[in-house]
There are 2 protein chains.
Amino acid sequence: MRRMTARPASAHQARLLKLLRDGGPNSRAQLGDQVDLSRSKLAVELHRLLDTGLVVADGLAASRGGRRSHNVRLNPRLRFLGVDIGATSVDVAVTNAELEVLGHLNQPMDVREGPVAVFEQVLDMAGKLKAAGLVEGFDGAGIGVPGPVRFPEGVPVAPPIMPGWDGFPVREALSQELGCPIMVDNDVNLMAMGEQHAGVARNVADFLCVKIGTGIGCGIVVGGQVYRGTTGSAGDIGHIQAVPGGRPCACGNRGCLEAHFSGAALARDAVQVAQQGLSTDLAARLATNGTLTAADVAAAATAGDTTALELIREGGTRVGEVIAGLVSFFNPGLLVIGGGVTGLGHTLLAAIRTQVYRQSLPLATGNLPIVLGELGSTAGVTGAARLISDHLFSPA
Amino acid sequence: MRRMTARPASAHQARLLKLLRDGGPNSRAQLGDQVDLSRSKLAVELHRLLDTGLVVADGLAASRGGRRSHNVRLNPRLRFLGVDIGATSVDVAVTNAELEVLGHLNQPMDVREGPVAVFEQVLDMAGKLKAAGLVEGFDGAGIGVPGPVRFPEGVPVAPPIMPGWDGFPVREALSQELGCPIMVDNDVNLMAMGEQHAGVARNVADFLCVKIGTGIGCGIVVGGQVYRGTTGSAGDIGHIQAVPGGRPCACGNRGCLEAHFSGAALARDAVQVAQQGLSTDLAARLATNGTLTAADVAAAATAGDTTALELIREGGTRVGEVIAGLVSFFNPGLLVIGGGVTGLGHTLLAAIRTQVYRQSLPLATGNLPIVLGELGSTAGVTGAARLISDHLFSPA
DNA sequence: GATCTTTGTCCTGTGAGTGGAGAAAGTATG
DNA sequence: CATACTTTCTCCACTCACAGGACAAAGATC
């Protein structure tokens, strides 16, 4: 199948495409209400969009007391590929133009194997989705990587946890390979975009999205747009000092947030308390598996193990202290907690909430919801699809 | 004199006004180079601006090898009032439309006396500037207050250090009183705008401007625009925890940055070391004046007093620790240090630099200049004038 | 069947904006 | 000093985006 390569020719067309993406099928009249154009102009622009094939007719809507309207929608054959590369696993998903996930695969993997090995696996997973008949070809792809990215060139820069990726031209290489346009961003930013599009952060202008996985990062959204900073490292909060003179960190400093709480740190702590005999539950799990992960701690906590609960509470307090500072500084309208450790759930959330509400200014916290992400592992891939659709649905 | 009340009628006109404000007198040809309009359209818009009186002809420019061009400039009779209300003093200045300070007054004052008393003094100072013949009337005024402001309504909200101001309709009251349009903002934001317009932050898209005076605040500029947060309290970093379990703070918590370093905290520390006999220099100053201020510490440090230097270094380290976290989070392109304590100068700056470069990520600090503000006490009033000019030079 | 509503199309008028011709006002050159 | 070349600025004709009204189509209500 030949893929659509059309791009909107005007800001009006871009606006309409985004309305159809975010609002689904729509009648001309409904679009007219949202877009402040005369019906004639709207008709012209829609005709042009229909000509490009990006938009198709979608039958008649129910009558609202008069003539029935002709619905339009984004071409249902459009397909985006969303790829979320984490430190220890990859998520690959296919979405339609409305960014609904049609198929989703997840596989363990180690980023440190380097870009070539990882992308081989990504292409393999994309192939499986094709074989499942969900898609014949991709009209665009969004890629998230766990480290800073020079945007919009799509090149990782000095990523601490993925040394072999520094300077690798992800965008260029992969758009060759996949034969479609590509955009690359930090995985945390994509999670924020995912929650913004389809999750808890819909219609919030300014918010923070803290992702706690193997590491810790924070997506920053200002005025509905992801803020990436001067060199693309904005939101890199894992190495903020959480405990003065605290634990040594891989970065060379002491007391970094990531050294005190993250998926990796939590697993280390769990092994330690298990070996010290402080938790029979964790000790049993350690004996069975030979190792422990954050998920084990979550399971132990759910089973009521007080030591596991205490580990989570302790870590949440550390994270909460740092976030409290960021809340005072940034004054967000919403704070989203997500990432691999959301399994730790409400124990973690409660610890963070306590700390933020205690330490931040009342004016900043007075009306600040602090919530868990709603999309789980689909946040990243949805955000990736949104990234590329934002790009493709902008004037060329 | 009747004041100009005209506003630009189109985005093009607004653009031209801002170019003339930031670039001074300009020929049509030069404007054309910056504005991407045909010469004919440019001529039309300029004619309209000349008709409003906002712009006037300004003689002929030197020849560049052909016909000499007719310069235009903003009406030299336009006057803005810039007011910067601090915790312990007020700055009032008059500027022309190009935001050059034509006259500047500073007087000690205590904000806690409340808005009525303070504005009486402000109006009195404005009257003196009028009497000096610098101005007949004001075309607009910008007001900075030392606390969070609900923007753009211009109403202080829950300001910790100025209790009597909560909810006082500054914008409404003062625009009545002065008979011209008014905009109100946080003093820290205005300092950032001042340094952006005429100081070290020219042409920097994303930067932070830390103001250390009686309290501590931080102006945040994203994409050239001041970011104010969801409730207007963004940048309020004075109560971020700097020392876990540290000194008690007026806000009820312990270890707040402001409790450990600010003009007020530094003065307290200075009195203490003087009484303990740790510094003969400070002890002498205390005996003479009966009290000590941050300025005394600065003087003692300049005179080589090691205890004073140590106080500054110690405080700068505390501030630097907090700022290091913000730099990791925000990844600015520039960090400006300003406010009353800039008298502490390079000792303070060195301490902050050391801490930030040590603790923040190399990617965020690699190309990050950390500098003192360039404008001193004119930053606030210049920013205030810029605030109102941004407002007046936007389409009505 | 008559009337009212809603939707969509066609058409014309208006105003924004471009680009070229040419006048005005300079400089450089033989 | 005349000529050629440059730069600036204005005027004018033409194009294009867009609004808004007239009108047709299609349905609801009574």
Side-chain angles (χ1 to χ4, degrees), chain A residues 6-20 23-52 54-74 393-396, chain B residues 6-20 23-52 54-74 393-396:
Chain A
R7 293 278 291 275
S10 71
H12 289 315
Q13 290 177 29
R15 179 84 201 286
L16 290 170
L17 288 173
K18 287 176 186 171
L19 282 174
L20 290 170
N26 242 312
S27 71
R28 283 162 156 75
Q30 284 173 303
L31 287 173
D33 291 343
Q34 301 173 70
V35 89
D36 197 39
L37 279 178
S38 66
R39 283 169 314 179
S40 19
K41 179 61 180 166
L42 181 63
V44 170
E45 296 293 358
L46 271 179
H47 265 299
R48 289 180 189 161
L49 283 174
L50 287 162
D51 286 343
T52 66
L54 286 170
V55 169
V56 298
D58 189 43
L60 291 167
S63 166
R64 297 198 306 175
R67 174 176 170 178
R68 295 165 66 191
S69 55
H70 296 248
N71 273 356
V72 291
R73 60 174 299 182
L74 291 175
F393 292 171
S394 297
Chain B
R7 293 277 290 275
S10 71
H12 289 316
Q13 289 177 31
R15 180 85 202 286
L16 289 170
L17 289 173
K18 286 175 186 171
L19 281 175
L20 289 171
N26 243 312
S27 71
R28 283 162 156 76
Q30 284 174 305
L31 287 172
D33 291 344
Q34 300 173 71
V35 90
D36 197 39
L37 278 178
S38 65
R39 285 171 322 232
S40 10
K41 180 59 180 168
L42 181 64
V44 170
E45 296 293 358
L46 271 180
H47 264 298
R48 289 180 189 161
L49 283 174
L50 287 163
D51 286 343
T52 65
L54 286 169
V55 169
V56 298
D58 189 43
L60 291 168
S63 167
R64 297 197 306 174
R67 174 175 169 179
R68 295 167 66 191
S69 55
H70 295 250
N71 273 355
V72 290
R73 62 174 299 182
L74 290 174
F393 292 171
S394 296

Contact state string [nucleotides 18-25 of chain C, B base, S sugar-phosphate only, - no protein heavy atom under 4.0 Å]:
BB-B-BBB
Taking the nucleotide of DNA chain D with the nearest heavy atom to each, does His12(A) or Gly65(A) sit closer to the 5' end?
His12(A)
How many whole angstroms separate atom CG of Asn71(B) from atom C1' of dT7(D)?
14 Å
Interatomic distance, Asp33(B) atom CG to Leu31(B) atom CG [nearest 0.5 angstrom]
9.0 Å
Nearest to the side chain of Ser69(A), which nucleotide is it out of dC9(D), dT7(C), dT9(C)?
dT7(C)
Please report, rounded to the nearest Å, how far the C1' atom of dT9(C) is from the NE2 atom of His70(A).
11 Å
Determine whether more than 12 heavy atoms belonging to other residues, nucleotides or ligands lie under 6.0 Å from atom CG of Asp36(B).
no
Value rounded to 0.5 Å, distance of CG in Asn26(A) from CZ in Arg73(A)
11.5 Å
Considering all heavy atoms of both residues, which atom of Arg7(B) and which atom of Pro395(B) are nearest to each other, and what is their separation?
NH2-O, 4.0 Å
Rounding to 0.5 Å, atoms CG (Leu17(A)) and NE2 (His12(A)) come to a distance of 13.0 Å
Rounded to whole angstroms, how far apart are CZ on Arg28(A) and P on dC10(C)?
11 Å
Quick check against the 3.5 Å criterion: does Arg68(A) have a side-chain atom that pairs as donor or acceptor with the backbone of Ser63(A)?
no
When the distance from CG of Asn26(A) to P of dT7(C) is rounded to whole Å, what number comes out?
12 Å
What's the CG-P distance between Asp33(B) and dC9(D), to the nearest Å?
11 Å
Near-strand residues of residues 56-63 of chain A, defined as heavy-atom separation under 4.0 angstrom from DNA chain D:
Ser63(A)
Given atom CZ of Arg64(A) and atom P of dA25(D), what is their separation to the nearest angstrom?
22 Å
Nearest 0.5 Å, please: how far is NZ in Lys41(A) from CG in Leu46(A)?
11.0 Å
How far does CG of Leu54(B) sit from CD of Gln13(B), to the nearest 0.5 angstrom?
9.0 Å
Whole angstroms only, please: what is the CD-C1' distance between Gln30(A) and dG8(C)?
15 Å
How many angstroms lie between atom CG of Leu16(B) and atom CD of Gln34(B), to the nearest 0.5 angstrom?
9.5 Å
Rounded to whole Å, the CG-P distance (Leu42(B) to dC11(D)) equals 14 Å
